[in-house]
J.: 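This is the structure, below, for whatever I ask next.
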Amino acid sequence: MSIKPFLSNLWKTIYKNPRNRVKEERFLKNRLAFVDSIKQTTQTFDKEVLIIRTDDIGDYILFRNTLESIRKHYAGYKITLIGHALWRPIAESWDGNFVDEFIWIEKGRFLKDDAYAHQFLQQIAHKKPELILAPSYSRSTFIDGVIAALIPAQSKYCWQRNDREVRQWLRKYCDAPFTKTFPIPKDLHEFDLNKQFVELVTGEQLEITKPEINQQKLQQIEGLPQNYVVLFAGAAAKRKRWATQNFAQIADYIYTSYQLPSVVCGAKGDAPLAQAILQSAKNKEAIIDYTGKTDLLQLATVINQCQLIITNDTSAAHYAAALDKNTITLLNGNSYGRFFPYPVNHHPNIKAIYPPTVTQPVYDWVGMGDIDKISVGRVEKVVDGVLK
């Protein structure tokens, strides 16, 4: 190991990690103390199932198809979902038939703003469902766990996390609010983890076999080309983003080889990435910038009408899988097997491309390769295999 990584690891071990632990534990203890001050005690419970699901858009896409089975099994119960406000539009539009009440949480504010967090917790403190479900594999003890600690219920089910939490001090808090923890099975894709969780809770085998989005619920969009490819250059973390000049070269290749324009999609914050692609591309007239111009519902329509989507590790890939679209996903290998590659029986048309150094990593690998080591030529060959 060279001196720079050695000093960096030493700094983290001696200073950063212990300092973060003190801050995090103080934060959690303060939140749990507030919970203790407002939570109710009861011997009677309402005929209600409360689902806590506060992770990201792709996680919800891989969970949402289980809601119909929960609705059927618990007929006559009120179904309540506490969810991440980020995916509110798609949940309310696509899944309102299966959920009686949505309660939306702004995760960032909940973690940073005590006043907002206290207000939110007081808002839900009256709840007393028979059953609480926390189906997230990587649930947040600071959010999901605090909510589960607040609300009384006859039964509270979750995946067992206290043997997987890398922060040793946090392990005693992970599963404490729950009455039943299921051992996490090995080597399952996230969709199958969600499916198996609901099967364990209900005791029934679910009929669903892959994530699906009902195309009849999609909005109509005018002005798109008749045929096109979608490029999704954004990602939550920079280490998950393939270089914009690579996307530009792929857009040029697809246009010259197949006469297909590229529609660049993403959130408003991805606009600089789209501009960088345009600046690098030779065929600028064949690139349509849709970044920041579609909401989550419209994005599904744009993806549904394309011939191919090329994307980083984002929710767009899970949209595409649920819509049965040809998909090329560029990945650094982190969390291998949980989200990508997709099992062939779920979606045979998703091609996962990893850096050359990522070869047969273990399931849920915590490492990562350099995504920019994926060559443009290698992606072009996969494009040919799809579009020819």
J.: In Å, rounded to the nearest 0.5 Å, how long is the span from CG of Asn332 to OG of Ser335?
T.: 8.5 Å
J.: Keeping Asp56 on the side-chain end and Gly58 on the backbone end, is there a donor-acceptor pair under 3.5 Å?
T.: no
J.: Test of understanding: clusters of I, L, V, M, F, W, Y form through side-chain heavy atoms closer than 4.5 Å, transitively. Do Ile105 and Ile151 belong to the same one?
T.: yes
J.: Taking the side chain from Lys172 and the backbone from Trp169, do they hold a donor-acceptor pair closer than 3.5 Å?
T.: no
J.: Without swapping roles, check the side chain of Trp242 against the backbone of Ile374 for a donor-acceptor pair under 3.5 Å.
T.: yes
J.: Evaluate the ring-ring contact (aromatic ring centres under 6.0 Å, His included) criterion for residues Trp365 and Tyr363: first the C-alpha distance (whole Å), next the side-chain angles of each, then the deciding distance (0.1 Å), finally the verdict.
T.: CA-CA 5 Å; Trp365 186 46; Tyr363 175 78; over 10 Å; no
J.: With a 4.5 Å heavy-atom cut-off, do Val382 and Ile310 have their side chains touching?
T.: no
J.: Got a donor-acceptor contact below 3.5 angstrom from the His347 side chain to the Val344 backbone?
T.: no
J.: Is a donor from one side chain sitting under 3.5 angstrom from an acceptor on the other, for Thr311 and Thr314?
T.: yes
J.: Using 0.5 Å steps for rounding, measure from the OG atom of Ser315 to the CD1 atom of Ile303.
T.: 7.5 Å
J.: Can you see whether Tyr228 engages Gln307 through a side-chain donor-acceptor pair at a distance of less than 3.5 angstrom?
T.: no
J.: Ignoring hydrogens and angles, tell me if any N or O in the side chain of Lys107 forms a donor-acceptor pair with the backbone of His84 under 3.5 Å.
T.: no
J.: Any side-chain to backbone donor/acceptor pair from Asp252 onto Lys282? Under 3.5 Å, distance only.
T.: yes
J.: If the plane angle is over 60° it's perpendicular, under 30° parallel, otherwise tilted; pick one for Trp87 and Tyr60.
T.: parallel
J.: Out of curiosity, does Ile132 fall in the hydrophobic cluster containing Ile79 (side-chain heavy atoms, cut-off under 4.5 Å, transitive links)?
T.: no
J.: If you compare all heavy atoms of Leu62 against all heavy atoms of His189, which two are closest, and at what distance to 0.1 Å?
T.: CD2-CE1, 4.0 Å
J.: Side-chain contact test, heavy atoms from C-beta onward, threshold under 4.5 Å: evaluate it for Gln196 versus Leu188 and give yes or no.
T.: yes
J.: Quick check against the 3.5 Å criterion: does Glu165 have a side-chain atom that pairs as donor or acceptor with the backbone of Arg167?
T.: yes
J.: Any chance you could lay out the side-chain contact (heavy atoms from CB on, under 4.5 Å) test for Phe142 and Leu111, step after step, and finish with the verdict?
T.: CA-CA 8 Å; Phe142 300 95; Leu111 293 172; 3.9 Å; yes
J.: Look at the side-chain heavy atoms of Ile, Leu, Val, Met, Phe, Trp and Tyr, link any pair under 4.5 Å apart, and say whether Leu331 and Leu231 land in one connected group.
T.: no
J.: Between Glu101 and Lys78, does at least one N-O distance fall below 4.0 Å, as a salt bridge requires?
T.: yes
J.: Of all heavy-atom pairs between Tyr319 and Leu296, which one has the smallest distance, and what is that distance?
T.: OH-O, 2.9 Å
J.: Between the side chains of Asp59 and Arg338, is the shortest nitrogen-to-carboxylate-oxygen separation below 4.0 Å, so that they form an ion pair?
T.: no
J.: As a quick check of understanding, evaluate salt bridge (Lys or Arg N to Asp or Glu O under 4.0 Å) for Arg109 and Asp114, giving each step before the final call.
T.: CA-CA 8 Å; Arg109 287 185 67 191; Asp114 280 345; over 6 Å; no
J.: Would you please test Gln154 and Leu131 for side-chain contact (heavy atoms from CB on, under 4.5 Å) and show each step?
T.: CA-CA 6 Å; Gln154 282 184 335; Leu131 177 62; over 6 Å; no
J.: Apply salt bridge (Lys or Arg N to Asp or Glu O under 4.0 Å) to the pair Arg139 and Asp175, showing each step before the final yes or no.
T.: CA-CA 10 Å; Arg139 69 179 181 277; Asp175 300 342; 2.5 Å; yes
J.: How many angstroms lie between atom CG of Asn162 and atom CZ of Arg171, to the nearest 0.5 angstrom?
T.: 7.5 Å
J.: Given the rule that I, L, V, M, F, W and Y join up when any side-chain heavy atoms are under 4.5 Å apart, are Ile208 and Ile90 in one cluster?
T.: yes
J.: Please lay out, stage by stage, how Arg64 and Asp95 fare under the test salt bridge (Lys or Arg N to Asp or Glu O under 4.0 Å).
T.: CA-CA 8 Å; Arg64 54 175 293 274; Asp95 303 318; 2.8 Å; yes
J.: State, yes or no, whether a side-chain contact exists between Ser262 and Val230 at a heavy-atom distance under 4.5 Å.
T.: no
J.: Could you check Asn283 against Tyr253 for side-chain hydrogen bond (donor to acceptor under 3.5 Å, both in side chains), going step by step and ending with a plain yes or no?
T.: CA-CA 9 Å; Asn283 300 289; Tyr253 179 79; over 6 Å; no
J.: Regarding Glu204 and Ser69, is there a side-chain donor-to-acceptor distance under 3.5 Å anywhere?
T.: no
J.: Report, as yes or no, whether the 6.0 Å neighbourhood of atom CD on Glu199 holds more than 12 heavy atoms from other residues, nucleotides or ligands.
T.: yes
J.: Kindly indicate whether the side chain of Tyr74, heavy atoms from C-beta on, has any atom under 4.5 Å from the side chain of Glu130.
T.: no
J.: Should Lys351 and Thr329 be marked as a side-chain contact (heavy atoms from CB on, under 4.5 Å) after you check the CA-CA gap, both sets of side-chain angles, and the distance that decides it?
T.: CA-CA 6 Å; Lys351 312 299 181 184; Thr329 309; over 6 Å; no
J.: Over all heavy atoms of both residues, which pair between Gly269 and Pro272 is shortest? Give the atoms and the distance, please.
T.: O-CD, 3.4 Å
J.: Flag yes if Val263 and Leu299 sit in one hydrophobic cluster, no otherwise; membership is Ile, Leu, Val, Met, Phe, Trp, Tyr, and two members link when side-chain heavy atoms are under 4.5 Å apart.
T.: yes
J.: Do the non-hydrogen side-chain atoms of Asn349 and Lys325 ever get within less than 4.5 Å of each other?
T.: no
J.: Do Phe34 and Val146 touch side chain to side chain, with heavy atoms closer than 4.5 Å?
T.: no
J.: Output yes when a side-chain donor or acceptor of Asp289 lies under 3.5 Å from a complementary backbone atom of Ala274, and no otherwise.
T.: no
J.: Report the distance from atom CZ of Arg21 to atom CD of Glu24, rounding to the nearest 0.5 Å.
T.: 10.0 Å
J.: Does the distance from a Lys or Arg side-chain N to an Asp or Glu carboxylate O, for Arg53 and Asp55, drop under 4.0 Å?
T.: yes
J.: Measuring from Thr54:OG1 to Ile82:CD1, what's the distance to the nearest 0.5 Å?
T.: 9.0 Å
J.: Please list all pairs passing the salt bridge (Lys or Arg N to Asp or Glu O under 4.0 Å) test where one or both residues lie in residues 210-224, with sequence neighbours left out.
T.: Lys210-Asp324
J.: Cation-pi between Lys156 and Phe178: NZ/CZ under 6.0 Å from ring centre and within 45° of the ring axis?
T.: no
J.: Can you check whether Val302 reaches Leu224 side chain to side chain, under 4.5 Å on heavy atoms?
T.: yes
J.: Counting N and O atoms only, with roles assigned by atom type, does the side chain of Arg71 sit under 3.5 Å from a partner on the main chain of Tyr77, one being a donor and the other an acceptor?
T.: yes
J.: So Phe191 and His346, would you call those rings parallel, tilted or perpendicular, with 30° and 60° as cut-offs?
T.: perpendicular
J.: What orientation do Tyr342 and His318 show, parallel under 30°, tilted 30 to 60°, or perpendicular over 60°?
T.: tilted
J.: Can you list the steps and then say if Tyr354 with Tyr336 is a ring-ring contact (aromatic ring centres under 6.0 Å, His included)?
T.: CA-CA 10 Å; Tyr354 295 92; Tyr336 184 89; 5.3 Å; yes
J.: Just verifying a value: how many Å separate Glu68 CD and Lys72 NZ, rounded to the nearest 0.5 Å?
T.: 4.0 Å
J.: Please tell me if the side chains of Phe110 and Leu121 come closer than 4.5 Å, counting only heavy atoms from C-beta onward.
T.: yes
J.: Check whether NZ of the Lys or CZ of the Arg Arg161 lies under 6.0 Å from the centre of the six-membered ring of Tyr137 and within 45 degrees of that ring's axis.
T.: yes
J.: Please confirm whether the backbone N or O of Lys127 pairs with a side-chain atom of Gln40, one donor and one acceptor, at under 3.5 Å?
T.: yes
